Amino acid sequence: MVETSSVARDLAPILGTPVDLVDMDRAIAAIESLIRVGEPSLVVTVDTSAIVLAQTDAELREVQAGASLATPDSIGVLWALRRRGIALPERVSGVDLVARICGLSADHGYRIFLLGAAPGVAEMAAERLRLLYPGCNIVGTRHGYFPPESDETVAAEVAAYHPDVLIVAMGIPRQEKFLWRTRHLHRAKVGIGVGGSLDVFGGKAKRAPRIVQRLNLEWLWRLILNPRKLPKALTLPKFVWMVLTRR
Ligand code: UDP
């Protein structure tokens, strides 16, 4: 157990990337606790691509090490843990976290800002989330197409909304680096990187049918619909190779 800013953690590193041994309920409890602590904190969802990228990206490694919660967000990550005798019941993905955080916001009024995806998508996602979780308090939205030179300006724009939770959907590692570099400017109590989740809620990307999700083949479904994801998909065999060959 490691103690960081009053949140107790059970951690296991995978190829150097820390991963919290949590299911969805424990992840949500940790997020609520971080909101209560009130200091800017980072939540990352760790999939195999994040771990492979971190092998050659020192800044991403630093960001991952600084995160207050790192959820196991892929079947590859669950597999690597299982090989070490750690059985987690489920992935804790960005899409599912967004849904649960919006549910929490409806219950407790937490202020949420949605940042990321193409122009218009975050607004559509906000509308959809308000329908799904009546009362959820989305206080602002902004698209994610701006250069890193504008990070500070965008973070200051976000700060004006005083979000408790800043949900950033700009892809790994851009979203994590943005959240970490600007944490003292945006001041959100929890900043969380959620990849393509706003596309899912904004209606731009469909989740795979339940049966495909249950077979753990959602990644293949996404790849067929969007071949530009091939480089990311190719990190999986690389990941498997590294886990099998490194001690
Ligand atoms: N995106 C963005 N700004 C950028 C590049 C990408 O907001 O400069 C968005 C893109 O529109 C998409 C998301 O980031 O909504 C990336 O989704 P993806 O599923 O590729 O993320 P991953 O979780 O695979 O890193």
Side-chain angles (χ1 to χ4, degrees), residues 13-20 42-65 67 69-83 88 90-98 114-118 121-122 125 143-148 167-180 191-209 212-246:
I14 302 180
L15 299 169
T17 296
V19 177
D20 284 87
L42 174 67
V43 175
V44 293
T45 58
V46 178
D47 65 9
T48 50
S49 78
I51 295 173
V52 171
L53 282 175
Q55 306 304 305
T56 52
D57 184 334
E59 186 183 354
L60 179 58
R61 283 200 296 280
E62 186 194 315
V63 175
Q64 289 174 339
L69 176 69
T71 71
D73 176 21
S74 77
I75 291 309
V77 168
L78 295 190
W79 165 80
L81 289 171
R82 225 176 17 250
R83 275 177 51 84
L88 290 182
E90 59 190 355
R91 294 167 56 196
V92 180
S93 72
V95 176
D96 294 335
L97 280 171
V98 171
L114 303 181
L115 171 64
V121 175
H143 70 78
Y145 284 81
F146 54 91
I167 291 174
V168 183
M170 290 164 51
I172 298 169
R174 174 85 175 95
Q175 59 201 17
E176 286 76 15
K177 290 182 182 177
F178 169 83
L179 280 166
W180 188 247
I192 172 165
V194 297
S197 301
L198 295 187
D199 289 340
V200 172
F201 290 108
K204 275 203 69 172
K206 285 217 175 343
R207 279 207 88 169
V212 178
Q213 287 184 41
R214 251 184 260 129
L215 291 169
N216 293 327
L217 289 175
E218 191 164 14
W219 61 274
L220 183 61
W221 172 267
R222 292 234 177 104
L223 183 60
I224 290 165
L225 291 183
N226 183 2
R228 273 183 310 168
K229 282 191 159 279
L230 187 62
K232 178 171 168 151
L234 289 177
T235 60
L236 182 61
K238 202 166 174 183
F239 174 79
V240 170
W241 176 252
M242 286 191 297
V243 169
L244 292 176
T245 54
R246 272 206 218 160

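Computed from a prediction, not measured in an experiment: that's the story for all the values here.
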Do the side chain of [X] and the main chain of [Y] share a donor and acceptor less than 3.5 angstrom apart?
| X | Y | answer |
| --- | --- | --- |
| Glu176 | Ala67 | no |
| Gln64 | Pro18 | no |
| Gln213 | Ala208 | yes |
| Asp20 | Thr71 | no |

Euclidean distance, [Y] [atom2] relative to [X] [atom1], rounded to 0.5 Å:
| X | Y | atom1 | atom2 | value |
| --- | --- | --- | --- | --- |
| Leu78 | Ile75 | CG | CD1 | 5.0 Å |
| Trp180 | Leu60 | CH2 | CG | 12.0 Å |
| Trp79 | Leu88 | CH2 | CG | 15.0 Å |
| Ile51 | Thr17 | CD1 | OG1 | 5.0 Å |

Partner of Arg91 by side-chain hydrogen bond (donor to acceptor under 3.5 Å, both in side chains), out of Asp73, Asn216, Asp96: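 Output: one option passes, namely Asp73.
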Lys/Arg cation over aromatic Phe146: Arg174, 6.0 Å, 45° cone: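 Satisfied, under 6.0 Å and within 45°.
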Salt bridge (Lys or Arg N to Asp or Glu O under 4.0 Å) partners for Asp199, two or more places apart: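 By the salt bridge (Lys or Arg N to Asp or Glu O under 4.0 Å) rule, Asp199 matches no residue at all.
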Worked check of side chain to side chain contact (heavy atoms under 4.5 Å, CB included) between Thr45 and Val92: CA-CA 7 Å; Thr45 58; Val92 180; over 6 Å; no
Non-hydrogen side-chain atoms of [X] and [Y] separated by less than 4.5 Å:
| X | Y | value |
| --- | --- | --- |
| Ile172 | Ser49 | yes |
| Leu53 | Thr235 | no |
| Val194 | Val95 | no |

Side chain to side chain contact (heavy atoms under 4.5 Å, CB included) assessment of Asp47 paired with Lys232: CA-CA 10 Å; Asp47 65 9; Lys232 178 171 168 151; 2.9 Å; yes
Verdict with supporting geometry, Phe201 and Leu114, side chain to side chain contact (heavy atoms under 4.5 Å, CB included): CA-CA 11 Å; Phe201 290 108; Leu114 303 181; over 6 Å; no
Closest non-hydrogen atom pair between Pro173 and Asp57, with its separation: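 Minimum heavy-atom contact is CG-OD2, 4.1 Å.
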Qualifying residue for side chain to side chain contact (heavy atoms under 4.5 Å, CB included) with Lys177, from Glu62, Met170, Glu59: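 Looking at Glu62, Met170, Glu59, the match for Lys177 under the side chain to side chain contact (heavy atoms under 4.5 Å, CB included) is Glu59.
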